[in-house]
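These notes are about the structure you will find just below.
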Amino acid sequence: MKKHIYIPLLLLGLTLSVQAQQVVPIAKSDVLSKVSERNTSIKISEEDFKQARADYRQTNAVFLPNITASHTAMATTNPLMAFGSKLNQEILTQNDFNPALLNDPSQIENYATKFEIQQPLINLDGIYQRKAAKSKMEAMSLKTERTQDYLAFEVDKAYMQLQLAYKAVSVLEKALDAANANKKLADDSFKQGYLQRADVLNVEVRVTEVQNQLQTAKSNVQNASNYLSFLMNDEAYVVYMPSDDLTIGTFTMEDKAVSENRSDIKAMQLASNAYEAMNKADKMAFLPRLNAFGSYELYDDKIFQGGSNGYLFGAQLSWDIFQGSKRIGKAQKSKSEFEKSKLEYKQYVSQSNLELNKAKRAFIDADNKLKLTTLALQQSEESLRIRTNRFKEGLEKTSDLLLAETQYAQKQLEYYQTIFEYNYTQAYLQFLTKE
C-alpha cells in the first residue's frame, strides 16, 4: 500500500524538478530592456520624483490666487445680526428703525453666497521655498537617472556572473569526464595488478571532489539566474543561459576622471542648492508680506437666491514682528543644514575619487593577472597532456596525473574568474566616470 502512495509522489517530485530546471536563453540586451521596464527600484525612484514634482507644483500658490465659494444659511433674533441681515438684503424700511423692533426683532432668515479671492503680491520667503522645491525636483530626476545607470552596471555584473557560472560548469563537467575516464583506467590497471588499491581510492576521491564542485557550480548558475530574475522583477525564477559568451573586453583607461556632471554628483549639488534656498526663505520670513483680497457677495431671505449684492476689495500689508524666537531658531537650523550639505557634497566627491583610484589599480592588477593566468593555463594544459599520455603507457604515477588534472581545472577556473574581474573593473570604471 505504501508503495502505491510513494510512486505518485515520486512522479510528482520529478515533474516539479523538471519544471524548476527550465532553461531559458537570454541576451544581455534583453535583460537591460526588461530591467528598464520592470525594475522595482526604478519605479520607486520615479515615484520619488513624482512626489518632488507635486511639492514643486504646490508652490505655484506663491503666484496664483486662492479662490473660494461658500453659501451660508442663518436664522437669528440677535438685534445687530437681524438689522445687518436686512441691510445686506436691501429690505430695510422706515419702520425697521423703530427702537422696539431694533431691540427685539422678529426672527429673520439670511442666505449669503460669497465668492472670495486672495492674491499674493509680495511673498519673498515663498519665492525661495519655490526655488528649493524646484532644486529638489531636479535632484530627484537625476537620482532616477543614476539609479538606471547603477542597475545597468548591476546587469553587467550579474550577467557576467551567470557567464562565469556556466564556464565553471563546463570546465568541471570536462574534468568529471576526465576523472571518470581515469577511474576506468585505474580500475582496469588494478584488475591487471598494475595498481594498488590506494591508487584506485585516490582516483575515486578525485571523482567525488569534482562531482561536489560541479554541484556547487550548478547552484551558482541558479543563484545568478535568480538575481537576474530579481533585477527584471520576474517571479518565474527560471534558469537562464547566456546567449553572449564571456570574452575579454577592450578598454582604455586614459583620461578617466570623476566628472561633476555625473548625475548623482549633480543631484548632491542641487540638494545643497535647495538647502541654501530654504535658508534664504527662513531669513525672508522676517520681512512683511503684501497680499490683495476681494469678495463678491449675494444676499437673500430665500435659499440659493441673490436679491442683493455687493463687493469688497483691498490689500493687506502684514508683518510678523516677533514669534518668540521661533523664526530665529528655524533660520539657524536651515543654515546648519546648508553647511552640512556642502560638507556632504565635498565628502561624496572625495569618496568617488577614492573609488576611482581604487578601481584603476584593480584594473591594472586584473590586466597583469590575466596575462599570468593565460600563461599558467597553457602550461597546465600541456603538462596534463604529457602526463595523461605517460599514464596510459604506465610511465606515470596516479597521484601525479590527479595533481595535473586538478591543476588544469583550477587554472581554467582561475582564467575565467580573471576575465570576470577584468571585465567587471572595466564596467565599474565606466560607471564611476559616466557623465
Tell me whether [X] is salt-bridged to [Y], with the criterion being a basic N under 4.0 Å from an acidic carboxylate O.
X      : Y      : value
Lys114 : Glu116 : yes
Lys340 : Glu337 : no
Lys43  : Glu46  : no
Asp96  : Lys86  : yes
Lys266 : Glu260 : no
Lys358 : Glu355 : no
Asp149 : Arg262 : no
Glu154 : Lys157 : yes

Report the distance from atom [atom1] of [X] to atom [atom2] of [Y], rounding to the nearest 0.5 Å.
X      : Y      : atom1 : atom2 : result
Lys34  : Ser29  : NZ    : OG    : 10.0 Å
Ile122 : Leu290 : CD1   : CG    : 5.0 Å
Gln211 : Arg206 : CD    : CZ    : 11.0 Å
Glu382 : Leu377 : CD    : CG    : 12.0 Å
Phe230 : Ser41  : CZ    : OG    : 6.0 Å
Leu231 : Asn226 : CG    : CG    : 11.0 Å

For residues 306-321, run the donor-acceptor check on the side chains, cut-off 3.5 Å, and write out each pair with its distance to 0.1 Å, sequence neighbours left out.
from: Ser308; atom 1: OG; to: Asn88; atom 2: O; distance (Å): 2.4
from: Ser308; atom 1: OG; to: Tyr299; atom 2: O; distance (Å): 3.3
from: Trp319; atom 1: NE1; to: Phe286; atom 2: O; distance (Å): 2.7
from: Asp320; atom 1: OD2; to: Gln323; atom 2: NE2; distance (Å): 3.3

Among Gln129, Lys131, Arg130, which one satisfies side chain to side chain donor-acceptor pair (under 3.5 Å) with Thr59?
Arg130
Side-chain touch [X]/[Y], heavy atoms, less than 4.5 angstrom:
X      : Y      : result
Asn291 : Leu121 : no
Thr113 : Ser70  : no
Ile42  : Gln148 : yes
Asp234 : Tyr240 : yes
Val169 : Val221 : yes
Phe293 : Ile117 : no
Asn98  : Asn95  : yes
Pro120 : Val62  : no

Taking [X] for the side chain and [Y] for the main chain, is one N or O donor matched with an acceptor at less than 3.5 Å?
X      : Y      : answer
Thr77  : Pro105 : no
Asn39  : Asn233 : no
Thr208 : Glu204 : yes
Ser350 : Lys346 : no
Asn423 : Gly249 : yes
Ser243 : Ile26  : yes
Gln407 : Glu381 : no
Ser170 : Tyr166 : no
Asn180 : Leu176 : yes
Ser336 : Gln332 : no

As a test of understanding, state which of Tyr422, Tyr428, Tyr424 forms a ring-ring contact (aromatic ring centres under 6.0 Å, His included) with Phe363.
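When Tyr422, Tyr428, Tyr424 are each tested with Phe363, the ring-ring contact (aromatic ring centres under 6.0 Å, His included) holds only for Tyr422.
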Full working for side-chain contact (heavy atoms from CB on, under 4.5 Å) between Glu173 and Leu214:
CA-CA 7 Å; Glu173 284 178 343; Leu214 180 59; 3.7 Å; yes
Between Gln161 and Phe420, is a side-chain contact (heavy atoms from CB on, under 4.5 Å) present by the stated rule, with each step listed?
CA-CA 7 Å; Gln161 287 174 336; Phe420 168 80; 3.7 Å; yes
Positive for side chain to side chain contact (heavy atoms under 4.5 Å, CB included) with Thr418, one of Ile248, Thr373, Asp365, Leu413:
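Answer after filtering Ile248, Thr373, Asp365, Leu413: Thr373.
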Work out which heavy atom in [X] is nearest to a heavy atom in [Y]; give both atom names and the distance.
X      : Y      : answer
Lys280 : Tyr128 : CD-CE2, 3.6 Å
Gln89  : Glu109 : NE2-O, 3.0 Å
Ala158 : Tyr227 : CB-CD2, 3.5 Å

Under the criterion side-chain contact (heavy atoms from CB on, under 4.5 Å), I'd like the reasoning laid out for Asn368 against Leu372: C-alpha separation, chi angles, the key distance, then a yes or no.
CA-CA 6 Å; Asn368 292 331; Leu372 292 175; 5.5 Å; no
Name all residues meeting the salt bridge (charged side-chain N to carboxylate O under 4.0 Å, His left out) criterion together with Asp245; count only those two or more places apart in sequence or in a different chain, and write none if there are none.
Lys167
Taking the six-membered ring of Phe431, is the NZ or CZ of Lys434 close enough (under 6.0 Å from the centre) and on axis enough (within 45°)?
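Relative to the ring axis of Phe431, which defines the angle, Lys434 lies outside at least one limit.
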With salt bridge (charged side-chain N to carboxylate O under 4.0 Å, His left out) as the test, would you mind laying out the steps for Lys333 and Asp282 before giving the verdict?
CA-CA 10 Å; Lys333 180 182 178 181; Asp282 291 338; over 6 Å; no
Residues Thr76, Ile108; criterion side-chain contact (heavy atoms from CB on, under 4.5 Å); working and verdict
CA-CA 6 Å; Thr76 182; Ile108 185 170; 4.0 Å; yes
I'd like to know whether the aromatic ring centres of Tyr275 and Phe338 sit less than 6.0 Å apart in this structure.
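No, too far apart.
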Ring centres under 6.0 angstrom apart (Phe83, Phe97):
yes
Carefully, step by step, assess Lys28 and Asp156 under the rule salt bridge (charged side-chain N to carboxylate O under 4.0 Å, His left out).
CA-CA 8 Å; Lys28 186 169 72 173; Asp156 274 345; 3.0 Å; yes
